[in-house]
Amino acid sequence: MELWAPPQQQQMKNCNRFPLSFYYRTADQTIKQAKVYRDEGNVVDLYVTLNRYISLVSEVIPQHQCYPTYSSKEKLHHKKVLKEFVKELETLKPPLGKLRNSGNKSLCNSQSLPIKDGAFPSLDESKVIRCGSTGTKCLIVTPTARDEDINVHVVKHFYPSPVVSYLEDVPQAAQVSRIIVPDSDPGKLKSESSSTNAVQDVHISARLMEDFLELARENTNKNLETCGVLGALLKNRTFYVISLIVPKQESTSSSCQALNEEEIYALQDEQSLFPVGWIHTHPSQTCFMSSIDLHTQYSYQVMLPESVAIVLAPTDQSRSYGVYRLTNPGGTTVLKDCQDTGFHTHQEPADGSPIYEDCSSVYLNSNLRFEIIDLRYSS
(Lines give C-alpha, C1' and ligand atoms only; values in the text may rest on other atoms or scores of the structure.)
Protein backbone atom coordinates (compact mmCIF):
# COMPACT_ATOMS: atom_id res chain seq x y z
CA MET A 1 0.00 0.00 0.00
CA GLU A 2 1.61 3.26 -1.09
CA LEU A 3 0.28 6.15 0.96
CA TRP A 4 3.25 8.47 0.56
CA ALA A 5 3.21 9.30 -3.15
CA PRO A 6 0.21 11.52 -3.95
CA PRO A 7 0.48 14.38 -6.44
CA GLN A 8 2.37 17.38 -5.09
CA GLN A 9 -0.69 19.59 -4.57
CA GLN A 10 -2.62 16.85 -2.82
CA GLN A 11 0.43 16.05 -0.74
CA MET A 12 0.65 19.61 0.56
CA LYS A 13 -3.05 19.63 1.34
CA ASN A 14 -2.86 16.52 3.51
CA CYS A 15 0.58 16.67 5.15
CA ASN A 16 -0.86 18.68 8.08
CA ARG A 17 -3.54 16.07 8.74
CA PHE A 18 -1.63 14.72 11.77
CA PRO A 19 0.89 16.28 14.17
CA LEU A 20 4.44 16.20 12.84
CA SER A 21 5.37 13.87 15.70
CA PHE A 22 2.99 11.31 14.17
CA TYR A 23 4.89 11.33 10.88
CA TYR A 24 8.23 11.02 12.63
CA ARG A 25 6.89 8.11 14.65
CA THR A 26 5.76 6.51 11.40
CA ALA A 27 9.27 7.05 10.06
CA ASP A 28 10.71 5.33 13.13
CA GLN A 29 8.35 2.39 12.63
CA THR A 30 9.45 2.16 9.00
CA ILE A 31 13.11 2.04 10.06
CA LYS A 32 12.28 -0.79 12.44
CA GLN A 33 10.38 -2.65 9.74
CA ALA A 34 13.30 -2.26 7.32
CA LYS A 35 15.63 -3.78 9.92
CA VAL A 36 13.45 -6.88 10.20
CA TYR A 37 13.47 -7.38 6.42
CA ARG A 38 17.21 -6.68 6.28
CA ASP A 39 17.96 -9.23 8.99
CA GLU A 40 15.78 -11.81 7.27
CA GLY A 41 17.38 -11.21 3.88
CA ASN A 42 14.01 -10.21 2.39
CA VAL A 43 15.26 -7.98 -0.45
CA VAL A 44 11.91 -7.18 -2.06
CA ASP A 45 10.09 -5.99 1.06
CA LEU A 46 13.23 -4.16 2.16
CA TYR A 47 13.31 -2.30 -1.16
CA VAL A 48 9.65 -1.28 -0.84
CA THR A 49 10.10 -0.20 2.77
CA LEU A 50 13.17 1.90 2.00
CA ASN A 51 11.27 3.65 -0.78
CA ARG A 52 8.38 4.35 1.56
CA TYR A 53 10.71 5.85 4.16
CA ILE A 54 12.54 7.99 1.59
CA SER A 55 9.29 9.38 0.22
CA LEU A 56 7.96 10.11 3.71
CA VAL A 57 11.09 11.86 5.00
CA SER A 58 12.08 13.73 1.84
CA GLU A 59 8.66 14.68 0.41
CA VAL A 60 5.95 14.63 3.07
CA ILE A 61 7.54 15.67 6.35
CA PRO A 62 9.34 18.80 5.03
CA GLN A 63 5.99 20.20 3.85
CA HIS A 64 4.39 20.02 7.29
CA GLN A 65 3.57 23.45 8.71
CA CYS A 66 5.49 22.69 11.92
CA TYR A 67 8.63 21.43 10.19
CA PRO A 68 10.59 24.76 10.29
CA THR A 69 10.34 24.97 14.08
CA TYR A 70 10.53 21.26 14.89
CA SER A 71 13.34 19.64 16.87
CA SER A 72 16.60 19.92 14.95
CA LYS A 73 17.82 16.74 16.64
CA GLU A 74 14.95 14.73 15.17
CA LYS A 75 15.43 16.25 11.73
CA LEU A 76 19.19 15.63 11.72
CA HIS A 77 18.71 12.02 12.79
CA HIS A 78 16.33 11.27 9.94
CA LYS A 79 18.43 13.17 7.41
CA LYS A 80 21.31 10.86 8.33
CA VAL A 81 19.14 7.77 8.01
CA LEU A 82 17.77 9.09 4.72
CA LYS A 83 21.27 9.27 3.20
CA GLU A 84 22.03 5.74 4.36
CA PHE A 85 18.77 4.39 2.95
CA VAL A 86 19.30 6.09 -0.43
CA LYS A 87 22.71 4.40 -0.69
CA GLU A 88 21.30 1.05 0.41
CA LEU A 89 18.50 1.33 -2.13
CA GLU A 90 21.08 1.53 -4.93
CA THR A 91 22.80 -1.64 -3.69
CA LEU A 92 19.50 -3.53 -3.84
CA LYS A 93 18.80 -2.80 -7.50
CA PRO A 94 21.24 -5.39 -8.96
CA PRO A 95 19.84 -8.38 -6.98
CA LEU A 96 16.30 -7.23 -7.69
CA GLY A 97 17.13 -7.03 -11.39
CA LYS A 98 18.46 -10.57 -11.34
CA LEU A 99 15.29 -11.78 -9.66
CA ARG A 100 13.12 -10.09 -12.28
CA ASN A 101 15.19 -11.42 -15.15
CA SER A 102 15.06 -14.93 -13.75
CA GLY A 103 11.28 -14.76 -13.50
CA ASN A 104 11.48 -15.73 -9.85
CA LYS A 105 7.95 -16.07 -8.51
CA SER A 106 9.15 -15.09 -5.07
CA LEU A 107 8.79 -11.47 -6.22
CA CYS A 108 5.08 -11.98 -5.70
CA ASN A 109 5.39 -13.03 -2.07
CA SER A 110 8.59 -11.14 -1.24
CA GLN A 111 10.42 -14.22 0.06
CA SER A 112 13.42 -13.71 -2.18
CA LEU A 113 16.40 -14.81 -0.11
CA PRO A 114 16.96 -17.42 2.61
CA ILE A 115 16.06 -16.35 6.13
CA LYS A 116 19.02 -15.96 8.43
CA ASP A 117 19.10 -18.21 11.48
CA GLY A 118 18.04 -16.48 14.67
CA ALA A 119 16.77 -13.38 12.90
CA PHE A 120 13.98 -12.40 15.27
CA PRO A 121 13.22 -9.12 17.05
CA SER A 122 13.17 -10.46 20.61
CA LEU A 123 11.79 -8.52 23.54
CA ASP A 124 13.85 -6.89 26.27
CA GLU A 125 15.06 -8.68 29.36
CA SER A 126 12.54 -9.69 32.01
CA LYS A 127 11.54 -6.75 34.11
CA VAL A 128 9.14 -5.63 36.78
CA ILE A 129 6.83 -2.67 36.29
CA ARG A 130 4.06 -1.31 38.50
CA CYS A 131 0.43 -1.23 37.46
CA GLY A 132 -2.83 -0.39 39.14
CA SER A 133 -3.96 2.11 41.71
CA THR A 134 -2.13 0.16 44.45
CA GLY A 135 1.13 -0.04 42.54
CA THR A 136 0.86 -3.81 42.13
CA LYS A 137 3.95 -5.35 40.59
CA CYS A 138 3.57 -6.73 37.08
CA LEU A 139 6.01 -9.42 36.01
CA ILE A 140 6.80 -9.72 32.32
CA VAL A 141 8.70 -12.85 31.34
CA THR A 142 10.68 -12.36 28.14
CA PRO A 143 9.82 -14.56 25.14
CA THR A 144 12.67 -16.52 23.64
CA ALA A 145 13.05 -17.82 20.09
CA ARG A 146 13.17 -21.55 19.51
CA ASP A 147 14.19 -22.66 16.04
CA GLU A 148 11.87 -21.23 13.39
CA ASP A 149 8.66 -22.10 15.23
CA ILE A 150 6.19 -19.27 15.70
CA ASN A 151 5.51 -20.49 19.24
CA VAL A 152 8.04 -18.09 20.74
CA HIS A 153 5.82 -15.84 22.78
CA VAL A 154 5.88 -16.84 26.44
CA VAL A 155 4.49 -13.99 28.48
CA LYS A 156 3.18 -13.98 32.02
CA HIS A 157 1.56 -10.85 33.35
CA PHE A 158 -0.07 -10.08 36.67
CA TYR A 159 -2.10 -6.94 37.33
CA PRO A 160 -4.97 -5.85 39.59
CA SER A 161 -7.79 -7.13 37.43
CA PRO A 162 -8.54 -10.78 38.32
CA VAL A 163 -10.20 -11.42 34.98
CA VAL A 164 -7.21 -12.42 32.88
CA SER A 165 -4.39 -13.30 35.27
CA TYR A 166 -3.07 -16.43 33.62
CA LEU A 167 -0.40 -17.95 31.47
CA GLU A 168 -2.16 -19.49 28.50
CA ASP A 169 -1.17 -23.11 27.90
CA VAL A 170 -0.19 -24.07 24.38
CA PRO A 171 -2.30 -26.96 23.10
CA GLN A 172 -0.57 -30.08 21.90
CA ALA A 173 -1.85 -29.61 18.36
CA ALA A 174 -2.07 -25.87 17.84
CA GLN A 175 -4.40 -24.63 15.14
CA VAL A 176 -4.12 -21.66 12.79
CA SER A 177 -7.35 -20.73 11.04
CA ARG A 178 -8.50 -17.80 8.96
CA ILE A 179 -11.06 -15.60 10.67
CA ILE A 180 -14.54 -16.45 9.42
CA VAL A 181 -16.98 -13.57 9.22
CA PRO A 182 -20.23 -14.42 11.02
CA ASP A 183 -23.19 -13.58 8.80
CA SER A 184 -26.24 -15.22 7.31
CA ASP A 185 -23.97 -17.86 5.80
CA PRO A 186 -21.56 -19.00 8.56
CA GLY A 187 -19.40 -20.88 6.07
CA LYS A 188 -18.86 -17.87 3.85
CA LEU A 189 -15.76 -15.74 4.16
CA LYS A 190 -16.00 -12.14 2.98
CA SER A 191 -12.68 -11.53 1.27
CA GLU A 192 -10.89 -8.29 0.74
CA SER A 193 -10.57 -6.82 -2.72
CA SER A 194 -7.50 -7.58 -4.81
CA SER A 195 -6.21 -4.07 -4.22
CA THR A 196 -5.95 -4.75 -0.50
CA ASN A 197 -4.55 -8.28 -0.65
CA ALA A 198 -0.96 -7.03 -0.89
CA VAL A 199 -0.86 -6.62 2.89
CA GLN A 200 0.95 -9.21 4.97
CA ASP A 201 -0.80 -11.70 7.25
CA VAL A 202 -1.72 -10.93 10.85
CA HIS A 203 -2.03 -13.67 13.50
CA ILE A 204 -4.09 -13.11 16.64
CA SER A 205 -4.56 -15.40 19.64
CA ALA A 206 -7.85 -17.24 19.57
CA ARG A 207 -8.53 -15.96 23.10
CA LEU A 208 -7.76 -12.28 22.62
CA MET A 209 -11.25 -11.08 21.72
CA GLU A 210 -12.87 -13.19 24.44
CA ASP A 211 -10.52 -11.87 27.11
CA PHE A 212 -10.91 -8.27 26.00
CA LEU A 213 -14.68 -8.62 26.31
CA GLU A 214 -14.20 -9.80 29.88
CA LEU A 215 -12.05 -6.76 30.68
CA ALA A 216 -14.67 -4.51 29.08
CA ARG A 217 -17.63 -6.11 30.82
CA GLU A 218 -18.01 -3.45 33.52
CA ASN A 219 -18.09 -0.70 30.87
CA THR A 220 -20.36 -2.76 28.64
CA ASN A 221 -22.88 -3.14 31.45
CA LYS A 222 -22.85 0.65 31.78
CA ASN A 223 -23.30 1.07 28.02
CA LEU A 224 -19.81 2.53 27.63
CA GLU A 225 -17.31 1.64 24.92
CA THR A 226 -13.89 0.21 25.74
CA CYS A 227 -10.82 0.33 23.49
CA GLY A 228 -7.44 -1.36 23.38
CA VAL A 229 -4.31 -1.25 21.22
CA LEU A 230 -2.72 -4.25 19.51
CA GLY A 231 1.06 -4.69 19.39
CA ALA A 232 2.76 -7.25 17.16
CA LEU A 233 6.11 -8.76 16.33
CA LEU A 234 7.07 -9.14 12.67
CA LYS A 235 8.67 -12.35 11.46
CA ASN A 236 8.78 -13.96 8.02
CA ARG A 237 6.30 -11.45 6.56
CA THR A 238 3.72 -12.15 9.30
CA PHE A 239 2.65 -9.92 12.18
CA TYR A 240 2.04 -11.84 15.43
CA VAL A 241 -0.10 -9.95 17.95
CA ILE A 242 1.42 -10.60 21.38
CA SER A 243 0.32 -7.49 23.24
CA LEU A 244 -3.02 -5.93 24.10
CA ILE A 245 -2.73 -2.58 25.86
CA VAL A 246 -5.86 -1.14 27.45
CA PRO A 247 -5.03 2.57 27.83
CA LYS A 248 -6.51 5.19 30.07
CA GLN A 249 -9.56 6.36 28.18
CA GLU A 250 -12.71 8.45 28.08
CA SER A 251 -15.83 6.65 26.92
CA THR A 252 -19.43 7.22 25.93
CA SER A 253 -22.02 4.83 24.57
CA SER A 254 -20.82 5.52 21.03
CA SER A 255 -17.19 6.58 21.29
CA CYS A 256 -13.93 5.90 23.09
CA GLN A 257 -10.86 8.14 23.25
CA ALA A 258 -7.46 6.82 24.38
CA LEU A 259 -5.56 9.12 26.74
CA ASN A 260 -1.84 9.44 27.55
CA GLU A 261 -0.77 7.85 24.28
CA GLU A 262 2.86 8.30 25.32
CA GLU A 263 2.36 5.36 27.72
CA ILE A 264 1.28 3.17 24.83
CA TYR A 265 4.21 4.23 22.67
CA ALA A 266 6.69 3.60 25.51
CA LEU A 267 5.43 0.06 26.09
CA GLN A 268 5.46 -0.79 22.40
CA ASP A 269 8.93 0.67 21.91
CA GLU A 270 10.33 -1.20 24.92
CA GLN A 271 9.25 -4.48 23.38
CA SER A 272 9.96 -3.60 19.71
CA LEU A 273 6.30 -3.99 18.80
CA PHE A 274 4.48 -2.69 15.74
CA PRO A 275 1.12 -0.90 16.22
CA VAL A 276 -0.89 -3.35 14.17
CA GLY A 277 -4.32 -2.00 15.04
CA TRP A 278 -6.93 -1.56 17.73
CA ILE A 279 -9.95 -3.22 19.27
CA HIS A 280 -13.09 -1.70 20.74
CA THR A 281 -16.59 -2.57 21.81
CA HIS A 282 -20.01 -1.46 20.66
CA PRO A 283 -21.90 -2.23 23.89
CA SER A 284 -25.39 -1.56 22.55
CA GLN A 285 -24.89 -0.97 18.83
CA THR A 286 -24.52 -3.31 15.90
CA CYS A 287 -21.20 -4.45 14.46
CA PHE A 288 -20.01 -1.80 12.02
CA MET A 289 -17.45 1.00 11.61
CA SER A 290 -18.74 4.45 12.47
CA SER A 291 -17.33 7.57 10.84
CA ILE A 292 -15.20 8.20 13.93
CA ASP A 293 -13.98 4.60 13.82
CA LEU A 294 -13.00 5.07 10.17
CA HIS A 295 -10.88 8.12 10.98
CA THR A 296 -9.20 6.26 13.83
CA GLN A 297 -8.49 3.33 11.54
CA TYR A 298 -7.05 5.66 8.92
CA SER A 299 -4.47 6.92 11.40
CA TYR A 300 -3.40 3.33 12.12
CA GLN A 301 -3.39 2.28 8.48
CA VAL A 302 -1.27 5.26 7.42
CA MET A 303 1.37 4.15 9.89
CA LEU A 304 1.11 0.44 9.02
CA PRO A 305 -1.00 -0.84 6.10
CA GLU A 306 -1.58 -4.19 7.87
CA SER A 307 -3.37 -2.50 10.79
CA VAL A 308 -6.82 -3.85 11.61
CA ALA A 309 -9.86 -2.59 13.51
CA ILE A 310 -11.63 -5.22 15.61
CA VAL A 311 -15.20 -4.36 16.59
CA LEU A 312 -16.95 -6.42 19.28
CA ALA A 313 -20.74 -6.05 19.47
CA PRO A 314 -21.99 -8.42 22.19
CA THR A 315 -25.65 -7.44 21.77
CA ASP A 316 -25.73 -7.84 17.99
CA GLN A 317 -27.56 -11.10 17.36
CA SER A 318 -26.52 -11.35 13.73
CA ARG A 319 -22.83 -10.53 14.03
CA SER A 320 -20.90 -10.31 17.30
CA TYR A 321 -17.56 -9.18 15.88
CA GLY A 322 -15.83 -7.84 12.79
CA VAL A 323 -12.20 -7.45 11.73
CA TYR A 324 -11.93 -4.57 9.28
CA ARG A 325 -9.60 -2.45 7.17
CA LEU A 326 -10.16 0.54 4.93
CA THR A 327 -10.12 -0.44 1.29
CA ASN A 328 -7.15 0.76 -0.68
CA PRO A 329 -7.16 2.97 -2.63
CA GLY A 330 -10.93 3.56 -2.30
CA GLY A 331 -11.45 3.98 1.43
CA THR A 332 -8.03 5.44 2.20
CA THR A 333 -8.54 8.13 -0.45
CA VAL A 334 -11.94 9.11 1.00
CA LEU A 335 -10.53 9.36 4.54
CA LYS A 336 -7.40 11.18 3.37
CA ASP A 337 -9.53 13.93 1.83
CA CYS A 338 -12.09 14.14 4.64
CA GLN A 339 -11.56 16.98 7.12
CA ASP A 340 -14.83 16.50 9.05
CA THR A 341 -14.91 15.51 12.71
CA GLY A 342 -17.47 13.83 14.91
CA PHE A 343 -20.20 11.65 13.42
CA HIS A 344 -20.76 12.41 9.74
CA THR A 345 -21.34 10.74 6.41
CA HIS A 346 -18.66 9.91 3.85
CA GLN A 347 -18.92 9.94 0.09
CA GLU A 348 -18.59 6.64 -1.72
CA PRO A 349 -15.14 5.79 -3.13
CA ALA A 350 -14.75 6.76 -6.78
CA ASP A 351 -13.80 3.21 -7.77
CA GLY A 352 -17.11 1.80 -6.54
CA SER A 353 -15.58 -0.14 -3.65
CA PRO A 354 -16.87 0.05 -0.07
CA ILE A 355 -15.02 2.36 2.33
CA TYR A 356 -14.04 -0.57 4.54
CA GLU A 357 -14.22 -4.34 4.34
CA ASP A 358 -13.58 -7.57 6.19
CA CYS A 359 -9.99 -8.76 6.43
CA SER A 360 -9.07 -11.97 4.66
CA SER A 361 -5.45 -11.89 5.84
CA VAL A 362 -6.13 -12.23 9.58
CA TYR A 363 -5.79 -15.62 11.26
CA LEU A 364 -6.74 -16.99 14.67
CA ASN A 365 -3.68 -18.72 16.10
CA SER A 366 -4.07 -20.95 19.16
CA ASN A 367 -0.28 -21.32 19.31
CA LEU A 368 0.18 -17.66 20.20
CA ARG A 369 0.81 -16.35 23.72
CA PHE A 370 -0.04 -12.74 24.52
CA GLU A 371 0.01 -10.30 27.40
CA ILE A 372 -2.62 -7.82 28.46
CA ILE A 373 -1.51 -4.57 30.08
CA ASP A 374 -4.36 -2.61 31.64
CA LEU A 375 -3.28 0.97 32.21
CA ARG A 376 -6.67 2.33 33.25
CA TYR A 377 -5.93 2.04 36.96
CA SER A 378 -2.25 3.00 36.97
CA SER A 379 -1.09 6.29 38.42
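Computation of the quantities below employed the complete heavy-atom set of this structure, encompassing side-chain atoms and omitting hydrogens, waters and symmetry-equivalent molecules.
- Taking each heavy atom of S307 and Q297 in turn, the nearest pair found is O-NE2, 2.9 Å.
- With contacts defined as side-chain heavy-atom distances shorter than 4.5 Å, the pair R38/L50 qualifies.
- Not one N or O on the side chain of Y356 forms a donor-acceptor pair closer than 3.5 Å with the backbone of L294.
- Using a 4.0 Å cut-off between charged nitrogen and carboxylate oxygen, R217 and E214 count as a salt-bridge pair.
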Exercise for the section: For Q268 and S243, run side chain to side chain contact (heavy atoms under 4.5 Å, CB included): C-alpha distance rounded to whole Å, both residues' side-chain angles, the deciding distance at 0.1 Å, then the answer. Expected result: CA-CA 8 Å; Q268 291 180 338; S243 173; 5.8 Å; no
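- Separation of the H78 and Y24 ring centroids falls under the 6.0 Å cut-off.
- By the rule that hydrophobic residues join a cluster once side-chain heavy atoms approach within less than 4.5 Å of another member, I292 and I355 end up as members of separate clusters.
- A heavy-atom distance below 4.5 Å is found between the side chains of L267 and L375.
- The salt bridge (charged side-chain N to carboxylate O under 4.0 Å, His left out) test applied to E218 returns K222, not counting sequence neighbours.
- Considering every non-hydrogen atom in both Q271 and L233, the closest pair reads O-CD2, 3.9 Å.
- Classified by interplanar angle (parallel below 30°, tilted 30° to 60°, perpendicular above 60°), the ring pair Y298/F18 is parallel.
- Taking the side chain as every heavy atom from C-beta outward, H295 and L335 approach each other to under 4.5 Å.
- A 4.5 Å side-chain heavy-atom check between T226 and Q249 finds at least one atom pair inside the cut-off.
- The distance from atom OG1 of T26 to atom CG of L304, rounded to the nearest 0.5 Å, is 9.5 Å.
- Here the CG-CD distance, from L234 to Q29, works out to 11.0 Å after rounding to the nearest 0.5 Å.
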Handout entry: Worked verdict on S318 versus D316 for side chain to side chain donor-acceptor pair (under 3.5 Å)
Key = CA-CA 6 Å; S318 62; D316 189 337; 2.8 Å; yes
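- The shortest side-chain heavy-atom distance between L215 and R376 falls under the 4.5 Å cut-off.
- Note on F22: it does not cluster hydrophobically with L259, by side-chain heavy-atom contacts below 4.5 Å among ILVMFWY residues.
- Closest approach of P305 and R52 over heavy atoms only: CD-NH2, 4.2 Å.
- By the criterion of side-chain heavy atoms lying less than 4.5 angstrom apart, applied directly or through intervening Ile, Leu, Val, Met, Phe, Trp or Tyr residues, L224 is not grouped with F212; the two fall into different hydrophobic clusters.
- Both L230 and V36 belong to a single network of hydrophobic side chains, linked directly or stepwise wherever heavy atoms of I, L, V, M, F, W or Y lie under 4.5 Å apart.
- To the nearest 0.5 angstrom, L89 atom CG is 10.5 Å from L82 atom CG.
- At least one donor-acceptor pair closer than 3.5 Å links the side chain of S251 to the backbone N or O of E225.
- In this structure, the side chains of V276 and V202 come closer than 4.5 Å at one or more pairs of heavy atoms.
- Using cut-offs of 30° and 60° for the angle between ring planes, the W278 and H280 rings count as parallel.
- S299 and T296 form no side-chain donor-acceptor contact under 3.5 Å, judged by distance and modelled atom types alone.
- Among residues two or more places apart in sequence or in another chain, the ring-ring contact (aromatic ring centres under 6.0 Å, His included) test is passed with Y265 by none.
- A salt bridge is absent between E357 and R325: the closest approach of a Lys/Arg side-chain nitrogen to an acidic carboxylate oxygen does not fall below 4.0 angstrom.
- Panel note: side chain T327, backbone P354; a donor-acceptor pair is recorded below 3.5 Å.
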Practice task
Let me see the working for M303 and F274 under side chain to side chain contact (heavy atoms under 4.5 Å, CB included), right down to the final yes or no.
Solution key: CA-CA 10 Å; M303 184 176 290; F274 290 89; over 6 Å; no
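- The main-chain N or O of E261 is never found under 3.5 Å from a side-chain atom of E263 such that the two would form a donor-acceptor pair.
- With a 4.5 Å cut-off on side-chain heavy atoms, I279 and V229 do not count as touching.
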Practice task
Take L96 and V43 through the side chain to side chain contact (heavy atoms under 4.5 Å, CB included) test and state the conclusion after the steps.
Solution key: CA-CA 7 Å; L96 282 173; V43 172; 3.7 Å; yes
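- Heavy atoms only, all atoms of each residue included: T252 and S255 are closest at OG1-OG, 2.7 Å.
- Looking at every heavy atom in both residues, C227 comes nearest to V246 through O-CG1, 3.7 Å.
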Practice task
Let me see the working for Y67 and Q63 under side chain to side chain donor-acceptor pair (under 3.5 Å), right down to the final yes or no.
Solution key: CA-CA 7 Å; Y67 182 77; Q63 296 183 47; over 6 Å; no
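- H282 has its ring centre less than 6.0 Å from the ring centre of F288.
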Handout entry: Test salt bridge (Lys or Arg N to Asp or Glu O under 4.0 Å) applied to D374 and K248, step by step
Key = CA-CA 8 Å; D374 194 338; K248 297 180 180 68; over 6 Å; no
Exercise for the section: Check the pair S361, D201 against side chain to side chain donor-acceptor pair (under 3.5 Å), reporting the backbone distance first and the verdict last. Expected result: CA-CA 5 Å; S361 58; D201 291 344; 4.8 Å; no
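- The OG1 atom of T238 sits 9.0 Å away from atom OH of Y363, with the distance rounded to the nearest 0.5 Å.
- Going from atom CD1 of I204 over to atom OG of S366 covers 13.5 Å, rounded to the nearest 0.5 Å.
- With respect to D45 and R237, a salt bridge is recorded, a charged nitrogen being found less than 4.0 Å from a carboxylate O.
- By the 6.0 Å and 45° rule, K75 does not stack over the aromatic ring of Y70.
- Panel note: side chain N260, backbone E262; no donor-acceptor pair is recorded below 3.5 Å.
- In this structure, CG on N236 lies 10.5 Å from OH on Y37, to the nearest 0.5 angstrom.
- The residues K32 and D28 are annotated as not salt-bridged, no charged nitrogen and carboxylate oxygen being separated by less than 4.0 angstrom.
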Exercise for the section: Could you give me the CA-CA distance, side-chain angles and deciding distance for L46 and E88, then say whether side chain to side chain contact (heavy atoms under 4.5 Å, CB included) is met? Expected result: CA-CA 10 Å; L46 176 59; E88 184 177 10; 3.5 Å; yes
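- Side chain of T332 to backbone of N328: no donor-acceptor contact under 3.5 angstrom is found.
- A salt bridge links D358 to R319: one of the charged nitrogens lies within less than 4.0 Å of a carboxylate oxygen.
- Two residues are said to be in side-chain contact when any heavy atoms from C-beta on lie closer than 4.5 Å; Y53 and Q33 fail this criterion.
- Checking side-chain atoms of S55 against main-chain N and O of N51 turns up no donor-acceptor pair under 3.5 Å.
- Here the closest non-hydrogen pair linking S291 and G342 is OG-O, 3.4 Å.
- At distances below 3.5 Å, not a single donor-acceptor pair connects side-chain atoms of T281 with backbone N or O atoms of P283.
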